[in-house]
Amino acid sequence: MFMHNKRLQYTVRVSEPNPRLACLMLEQFGGADGELAAAMRYFTQGLGEEDPGRKDLLLDIATEELSHLEVIGTIVTMLNKGVKAQLSEGQLAEAELFAMVGQTGTSAKESILFGGGPALVDSAGVPWNADYIDTRSEPTVDLRSNIAAEARAKIVYERLINITDDPGIKDALTFLMTREVAHQKSFEKALYSIENNFPPGKLPGREEFASVYVNASQGEGDMTGPWNSGDQWERIDDLEQSMPIDQRDGKASVELSSSDMAALSQMATRLKSDVTKDPTTGTDLGAGPGAGRTKQLETAE
């Protein structure tokens, strides 16, 4: 059960309306790395979690993320106070209203439809959707994804902080950014409290492939480092000599019934290419400037 406290988790002070800034703030309201996505990610993970410690952690953070959604939504509302009032009351002249709508950086549909309210869209007007939630119901996978999500959200907040001079907004955004840091720390602790948390899942990898590094992109710019060299790695540079890596022929095969084999042979015969012919095609007949090399047609005398 949820109960709402009418006071924000962090006080919001906005110096003056700024519809364009409000549009950018929507990224953390209805965007892929925004507060709603975080709340839904951790809430659904918490419901399905069997470990009581992780369940408590996930539901605590999910609930706090909802409070952060309220903070960022309130910022958007404050920044849009002027445009909301003018769209509602129509006190400005037509040209001034058009200019005000244009300042938001959003489409006219968004301005008219949402009327300056904090809509569940991102800064480009794309509606929020559940595809942002990549939960797999495996804690060693989900906790790593949560750590990455908190890191991405922190970077987005940094960028939002850098584009405003409003001290109150900077203050509130810095609080939200800092909470991303705290949540990342909690998720890191939860991950490493699981013994043998890597590789994820139950099944072990095959030992002969688990420490192989394939230098598949070769040429100028090749680098070595702890990610591909040293005692932990068996590095493959000569792809011609070492591929296929399983020391087999590298060809696909399947066991077919006699009837399937007969049908496959019939199909191959029917669709066989005749490499001895060079037919005239539509590109030859319609070729014009810029078509490249095409078949030269003999002109009738």
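Worth knowing before you read on, the calculation uses all heavy atoms, side chains too, and leaves out hydrogens, waters and symmetry mates.
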| Over all atoms of both residues, closest heavy-atom pair of Val71 and Gln9 | CG2-N, 4.5 Å
| query | Does a sphere of radius 6.0 Å around CE in Met261 hold more than 12 heavy atoms from other residues, nucleotides or ligands, not counting ones at 6.0 Å or beyond? | reply | no
| If only atom types and distance count, is the side chain of Glu35 paired as donor or acceptor with the main-chain N or O of Glu70 below 3.5 Å? | no
| request: Could you walk me through whether Asp166 and Arg13 pass the salt bridge (charged side-chain N to carboxylate O under 4.0 Å, His left out) test, one step at a time? | output: CA-CA 9 Å; Asp166 188 313; Arg13 292 286 183 266; over 6 Å; no
| Is the shortest side-chain N to carboxylate O distance from Arg206 to Glu208 below 4.0 Å? | yes
| said: For a salt bridge (charged side-chain N to carboxylate O under 4.0 Å, His left out) check, start with the C-alpha distance between Arg54 and Asp56, then their side-chain angles and the critical distance, and finish with the verdict. | reply: CA-CA 5 Å; Arg54 290 194 298 271; Asp56 184 46; over 6 Å; no
| Are Tyr157 and Phe175 an aromatic pair by the rule of ring centers under 6.0 Å? | no
| task | Would you indicate whether Arg235, at its atom CZ, is surrounded by more than 12 heavy atoms from other residues, nucleotides or ligands within a distance under 6.0 Å? | result | yes
| said: Check Lys154 with Glu158, please: is the shortest side-chain N to carboxylate O separation under 4.0 Å? | reply: yes
| Atom of Met25, atom of Ile72 and distance for their closest heavy-atom approach | O-CG1, 3.9 Å
| message | Counting only heavy atoms not in Asp222 (residues, nucleotides, ligands), do more than 12 fall under 6.0 Å from its CG? | response | yes
| message | Any carboxylate oxygen within less than 4.0 angstrom of a Lys/Arg side-chain nitrogen, looking at Asp134 and Arg41? | response | yes
| task | On the 0 to 90° scale, with breaks at 30° and 60°, tag the Phe187-Tyr42 ring pair as parallel, tilted or perpendicular. | result | tilted
